[in-house]
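The sequence lines fix the lettering, A, B, ..., with proteins before strands; numbering per chain opens at 1.
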Amino acid sequence: MAVTILFLGPLRDLAGKQALEVQAPLDWSGLLGAVGPQVAEQLAAQRVNVACAGKVLADKTRLNAFDGDEVALLPPVSGG
Amino acid sequence: MAVTILFLGPLRDLAGKQALEVQAPLDWSGLLGAVGPQVAEQLAAQRVNVACAGKVLADKTRLNAFDGDEVALLPPVSGG
Amino acid sequence: MVARITIDTPLDVRLLDKGLSVGEALAAFNAAHGEAGGVVSFLGKVRPDGDVRALELSHYEPLTLPAMRELTETARDQFALDGALVWHRIGVMTPGEAIVLVATAARHRRDAFAAADYLMDHLKSAAWLWKREKRADGWHWIEPRGQDHEDIARWE
Amino acid sequence: MVARITIDTPLDVRLLDKGLSVGEALAAFNAAHGEAGGVVSFLGKVRPDGDVRALELSHYEPLTLPAMRELTETARDQFALDGALVWHRIGVMTPGEAIVLVATAARHRRDAFAAADYLMDHLKSAAWLWKREKRADGWHWIEPRGQDHEDIARWE
């Protein structure tokens, strides 16, 4: 089975897609490798949060996603 | 003709009536004499305002009401 | 919803001697200010406090409405409002009925909030309204209270 | 007015993918909180700014609604609310359309005002919503801005 990576907000445009399926399990380095260099650069920046299975991770570098989990990449929300 | 004195809010109960017609012209001492001792006592207190012909008087003791004027006695408005 | 109320003036100030339909009033106000980014409303209702059966508001016609209009103009200028609605009930009301409805429309949220708050703080003293409550033992006039002066002092 | 909307929970939090009828929503909220002395509402609309033709809000379902609910519960506890309504649009909207409707009901006016203000200041960061605007030259994502952090800092 697989882990689904979701690109939210402007990251969707940067990734060129809305979602991506990868092999489980998925950790932080696996994530950085899977999303392509542009999204990986954004991910490394502090302001992008990562949610796994519906919870925002306090420390995204400790990502540990299993079979069937959804990993959402959450850029800062918009102002205005 | 006459000047109409209006008793607003709780002053209406104190006066036992809503309005009173008196001879024009009407000045401050005429007003105090016309309204009865209980209302006169309230009027003397600072918190009761007097309006003449639709304007609240800055100095009510300078009241000078003419024929056809309405003199309104305005107790403090209610809180809550 | 069928709009039975139309608002065609930026500052809509009314004294009403009958019940007001809050939903319709606010729908009309929103429709009148389609370009405002933010609309704030305040609805004050008669609280079912203790044994209060009814509330009566009396006013002095020649002063009440002009004072409410003047206050609303001041709020518009001070908070750059697109428009304001200030409706006040007079007469006899029962618990749960609306006493006052204020709405403000502004380009920015903060202005709309501040203007509604300002209008409510100043309305009671501007409006020359006297209030009495009917309880089991009859009608009682409500005294002025210090809180109103404190409310106004916030803006000075 | 025929009430086509019924509110039967003290805290009514919704994400809506279609237009909302503000008048009906507020009428229903008022009806649901007949004993509250004060009801405050805030309506945020798409501003017809420059050449903005449309606005799109996207969100992340598993986070947005729980976060809005949690925020609303916090507001209820902090301001002793009788009830609150927090409705947010998602999807594509055009200028003049409602984006957000917040209403608060409390015994006292000051609490209702403060709670609505608090909810609006915190909603944007709690709600995990991303916004983009369609202009003549296509869609543009709206960047986060410092004001939001200042808005929240008011309450700390």
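For CD of D:Gln78, the number of neighbouring non-hydrogen atoms (other residues, nucleotides, ligands) closer than 6.0 Å is greater than 12. Residue-environment remark: CZ (A:Arg62) stays at or below the threshold of 12 foreign heavy atoms within 6.0 Å. Taking a 6.0 Å sphere around CD of D:Glu70, one finds it holds 12 or fewer heavy atoms contributed by other residues, nucleotides or ligands. Heavy atoms from other residues, nucleotides or ligands lying under 6.0 Å from NZ of A:Lys55 number 12 at most.
When every heavy atom of A:Pro10 is checked against every heavy atom of D:Trp130, the shortest pair comes out as CD-CD1, 4.0 Å.
Put simply, CG on A:Leu73 and OH on D:Tyr60 are 9.5 Å apart, with the number rounded to the nearest 0.5 Å. Expressed to the nearest 0.5 Å, how far CD of A:Glu70 lies from CD of D:Glu61 amounts to 10.0 Å.
Between D:Trp139 and A:Asp13, the closest side-chain pair of non-hydrogen atoms is not below 4.5 Å. Under the 4.5 Å side-chain criterion, counting only non-hydrogen atoms from C-beta, A:Leu8 is not in contact with D:Trp128.
Only the side chain of D:Leu63 comes within contact range of chain A, judged by heavy atoms closer than 4.5 Å. Only the side chain of D:Trp141 comes within contact range of chain A, with heavy atoms under 4.5 Å apart.
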